[in-house]
Each structure stands twice: as C-alpha cells, then as structure tokens.
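First up is the structure itself, then whatever we jot down about it.
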Amino acid sequence: MALSVVILAAGQGTRMKSQLPKVLHPLAGRPLLEHVYAATGPFPARDVLIVYGHGGERVRDALSHLKARWVEQARQLGTGHAVMQAMPLVKPASTVLILYGDVPLITHATLQRLVDAAGRKGLALLTVRLENPAGYGRIVRDSHGNVLRIVEQKDASESEQAIHEVNTGMMAVNAKLLRGWVGRLSNRNAQKEYYLTDVIELAVGERVRINTVSPESPFEVMGVNDRAQLSELERHYQFVQAQRLMRLGVTLHDPSRFDLRGELEAGKDVSIDVNVVIEGRVKLGNRVTVGPNNVLRNVSIGDDVAILANCVIEDAAVGNGARLGPFARIRPETVLGADVHVGNFVEVKKSVVAKGSKLNHLSYIGDAEIGSNTNIGAGTITCNYDGAHKHKTVIGNDVFIGSDCQLVAPVTVGDGATLGAGTTLAKDAPAGRLTISRVRQEVIENWQRPRKRK
Ligand code: UD1
Ligand code: MG
C-alpha cells in the first residue's frame, strides 16, 4: 500500500528564543526536520508532505533539496487542523504516517513497526510510558486494554492525569478513514484547537481497532522545545554514534569528546584523540591517528597518516603515510601525495603536492603544483593573487626552496633547482641551478652606532 508521510512543522518554536525556525536548528550538523525526513527514506515510494507555518518560507527554502511537497498552514489552529491542510494532497488509497518535524531521533525501524501495526484498514499509535507524563496527551484504555481515546493534559480529569502511557503524536492510519474523521473534528476543548487526537474516539465509534507500538528507546520520541532539550538529544545522538564506531573497531580516546556531523568510514585500527569534529563525508584509511582538536570536513585520508593536533582539513585528499600538523590548515581542492609532510602553521589551498615533499613551517601554498621530494623552506609564500586574478606556481621534483622565499605567480621552478633563502622569484628558475635574488652582503667599515648626547 502506498505511503503518505505528513510531517507537522508549523509550530512557532517560541521557547527556542531564536530567529531561526525551530525545525531548522541543527542536530549533528543537520536540520531537525531533515532527520525526520531521513527516517522515512527507506520506505519505498513514499510521498512526503510537510506542513509549514505562516512565514515558514525560510524552512521551505532551506530544505528545498528534499523530495517533498510543502503545504502551508497559515494559522496554527491545532494538530488536527494541520493534518486537514495536507489531506487534499494525500492519495486516498494510502496509509498516512503522521510525524513531527521537531522529533528528530525517530528511527526507521520504529516507523516500519508503526505502519505494519496500522495494517490496511486500521490505525496505529506510537505511545510510550513516562515516569512523568505531565504535558502529554494520555492514552485512555478500557478494562480489556483497548484504547478508547486520547485526552489532552488540559482536558484531563484527575484520574486521567494519573495515566502514565502518553501519546507521542506519531500515528499511521488509513487515508480514506482519516479524511472522514478530520472533517468531523471540532475545537470545543480547553485550548480551542482542532486536536488530531480526537480521531481516536471517532475511530473507536466506528469499531476500528487501535493498535499501539512503542519505540525501542525513549529518545526516539523526545521533541525539541528549547535549547536544553536540543543539546540533550545532540549528546544522545553523539553517544550512539561513538558506541557504533567503537564496535566497528575505532579507538575513541574519549567518546564524550567526539562529534560526528556526517558520515565516517574508518579502516582498521584508527585512533581518534579528544575534541575531534568530523563533518560531511570523511574516509580514514587503516592505522590513521587523529590527534586532539582536529576538524575534518569532506576528506579522504590514506593509510598510516598521522594528523597531529589542531588541524583544519577540508575538501582534500591525503596520501598514505603523510603527516599533517600540528596546526596545519588544508583548504579545498588540495591533494597531498604519499609521505608528504605539512607542518606547523602551513596553509595549503587548491594545490597538488607529489610524493615525499615537505612543507614544514609557516608557509602559504596556493594554486600550486609541487613535484616529488621537494623541500619548501620555512616562511615560503606563493604570491598567487594580483588583486584581480589567481595565478599558478609550478615547482618541479627534487627542488630545494630556501627559507622566506616569495614566488610571484605565474612562475615555474625547474626540477632540481635551488632557490636561495629570501629570494623573491618573479621569473622562472631554471632546472638544476641556484637562483637567488638577494642584495649582496656588505660590512661597513668604521661605522658607529649613533649615541644619545648627554
Ligand atoms: C501533541 C498531542 C499530544 C501529545 C504531544 C506529544 C494533540 C492535540 N496533542 O500535543 O497528545 O502528547 O503532542 O508531543 O495533537 N503543529 C502544527 N500546527 C499546529 C499545531 C501543531 O504544525 O497548528 C505541530 C507542531 O509544530 C509540533 C506538533 O505539531 O511539531 C505538535 O504540536 P504541539 O503544539 O507541540 O502539540 P502538544 O500540545 O504538545
Ligand atoms: Mg508539544
């Protein structure tokens, strides 16, 4: 049976005290709403409808890459009203799965059980038992355990308030039946809202069986209302990722000081020190060691690479046996070959460095091509920008660049060339020769340092 997913995301999110709509706040680097969307990803051929609020165009624009249709709910008149807005776009011969855009950790496995429990003609609720059920809608059952209705906290009697089983808000239900029921909802209740939860009583009245399903973990159904709850879910998410990676054989020196905001593929015996942030898609080869305080974003790292402390590496590829840092900055479109060393306070941008070359101290290398076994001395700068355009620096194999050289691009240094320290290279340096652009050293005889007159 076809599946129509309806994600409710029209709420204001006032308690976030933010200019950013709540469902766009990131968890593990990804908007809350996108987590919910991703949990429905494995359902074959599902339609996704997202109900957004007045002024929520920002949400729609930020998430325009999702394969979803957007439905505006101009005024937030309740969860039942929100679902009503989406019904015209729901296929009549489908199961509707209702989710919340601010409940990000729901898993696909739980949603699958919920959809299965609804069957073709029924309704299934995701419920959970809470130690403290305050604020939630309570699940009212008869003496045989059959669900009768859901009563909201504000409408509940004292005995109903004592019920610990609560409504998570997520449900799966036959579309045709749901359409009939939401059309009959009223707002005669304590909050003057159209409650989606009232469809339960209507279903029971029509002898439709209500099945219930519970999540594996209570974190799956926790919503984000404020920043404290957001951080709680973030920490839980990170805890789960860290445990999973350790089970796969990755050493994490402290799993509570590791953040994965994307996907990490790691080889055998990878070791990650504290305060490492992984973003986007990161691949680490076998026996890679990542020192403390590193940020790795969309990078592919070969085998036996050592990344020492305090590096930022993004959109780059690093060959086997390379050594980076401490304090190296590797910027986009950089490709470092095998056994390359990039050391302290070196910035490399959009450059290719071949096997065995070393850039060990205090350099800026941008738009460059460096051959193999070349040594770049301390303080070397490629002057790649003339204020309007970027130019290329080409440095051959087995080159020795002395300390504190400036290479004014476009410029080429031939294989085996040597540049004397302090050279400002404005013309090409020939292969195999020493090029130097330094004022000759002199000693001034009989010179005296000026002295203050008494
Ligand atoms: C709802 C349920 C309650 C359940 C609780 C779980 C109803 C009437 N009550 O209560 O039984 O225990 O969730 O968290 O359904 N939303 C819209 N448009 C609206 C109103 C809400 O899109 O007009 C969205 C919100 O953005 C949110 C979700 O629906 O994602 C739930 O709304 P909220 O106001 O938090 O409902 P509760 O009163 O907490
Ligand atoms: Mg709520």
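Ligands are counted one by one from 1 in listed order, and the atoms in each one are counted from 1 as well. Note that these values count all heavy atoms, side chains included, but never hydrogens, waters or copies made by symmetry.
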Under 4.0 Å, heavy-atom basis, I'd like to know which part of Glu193 is in contact with ligand 1: side chain, backbone, both or neither. neither

How about Thr127 and Thr212: does a side-chain donor come under 3.5 Å of a side-chain acceptor? no

So which atom in Val103 and which in Ile106 form the shortest heavy-atom distance, rounded to 0.1 Å? O-CG2, 3.8 Å

Between the main-chain N or O of Ala317 and the side-chain N or O of Ser300, is there a donor-acceptor pair closer than 3.5 Å? no

Candidates Gly53, Gly78, Ala9, Gly80; heavy atom nearest atom 23 (O) of ligand 1 found on Gly78

Short list, please: which atoms of ligand 1 are under 4.0 Å from a heavy atom of Thr79? 7 (C), 8 (C), 15 (O), 20 (C), 21 (C), 29 (O), 31 (C), 32 (O)

Is it true that Lys390 and Asp367 make a salt bridge, defined as a side-chain N closer than 4.0 Å to a carboxylate O? no

Do ligand 1 and Gly137 have nitrogen or oxygen atoms that lie under 3.5 Å from each other? yes

The answer for which part of Ala10 has a heavy atom under 4.0 Å from ligand 1 is both

Verdict with reasoning, His81 to Gln85, per side chain to side chain donor-acceptor pair (under 3.5 Å): CA-CA 7 Å; His81 181 259; Gln85 312 309 303; 3.1 Å; yes

Leu8 heavy atoms, cut-off 4.0 Å: which ligand 1 atoms fall inside? 22 (O), 24 (C), 29 (O), 30 (O)

With heavy atoms only and a cut-off of under 4.0 Å, state how Gln73 meets ligand 1: side chain, backbone, both or neither. side chain

Below 3.5 angstrom, do we get any N/O pair linking Asn167 and ligand 1? yes

Any nitrogen or oxygen of Arg75, main chain or side chain, under 3.5 Å from a nitrogen or oxygen of ligand 1? no

Kindly say whether Ala38 contributes a backbone atom to a donor-acceptor pair with the side chain of Thr40 at under 3.5 angstrom? no

So between Tyr136, Tyr195, Tyr100, whose heavy atom ends up nearest atom 31 (C) of ligand 1? Tyr100

Contact summary for Gln161 and Ala156, nearest pair of heavy atoms: NE2-O, 3.3 Å

Check the pair Phe43, His108 against ring pair (Phe, Tyr, Trp, His ring centres under 6.0 Å), reporting the backbone distance first and the verdict last. CA-CA 8 Å; Phe43 286 117; His108 179 71; 4.4 Å; yes

Quick check on His81 - does any of its heavy atoms sit under 4.0 Å from an atom of ligand 1? no

Pull out every atom of ligand 1 sitting under 4.0 Å from any heavy atom of Glu152, numbered as shown with elements. 2 (C), 3 (C), 7 (C), 8 (C), 9 (N), 10 (O), 11 (O)

If we count only N and O atoms by modelled type, under 3.5 Å, do the side chains of Arg235 and Gln238 hold a donor and an acceptor together? no

What I want to find out is whether Glu201 reaches Arg184 closely enough, with some N-O distance under 4.0 Å, to be called a salt bridge. no

Please say whether Gly169 places an N or O atom under 3.5 Å from an N or O atom belonging to ligand 1. no

Going by heavy atoms, is Val166 under 4.0 Å from ligand 1? no

Near Arg281 CZ, under 6.0 Å, is it more than 12 heavy atoms from other residues, nucleotides or ligands? no

Looking only at heavy atoms of Val51, does any of them come nearer than 4.0 Å to an atom of ligand 1? no

Heavy-atom distance to atom 27 (C) of ligand 1: which of Thr168, Asp102, Ile139 wins? Asp102

One finds that the ligand 1 atoms under 4.0 Å from a non-hydrogen atom of Ala82 are 17 (C), 18 (N), 22 (O)

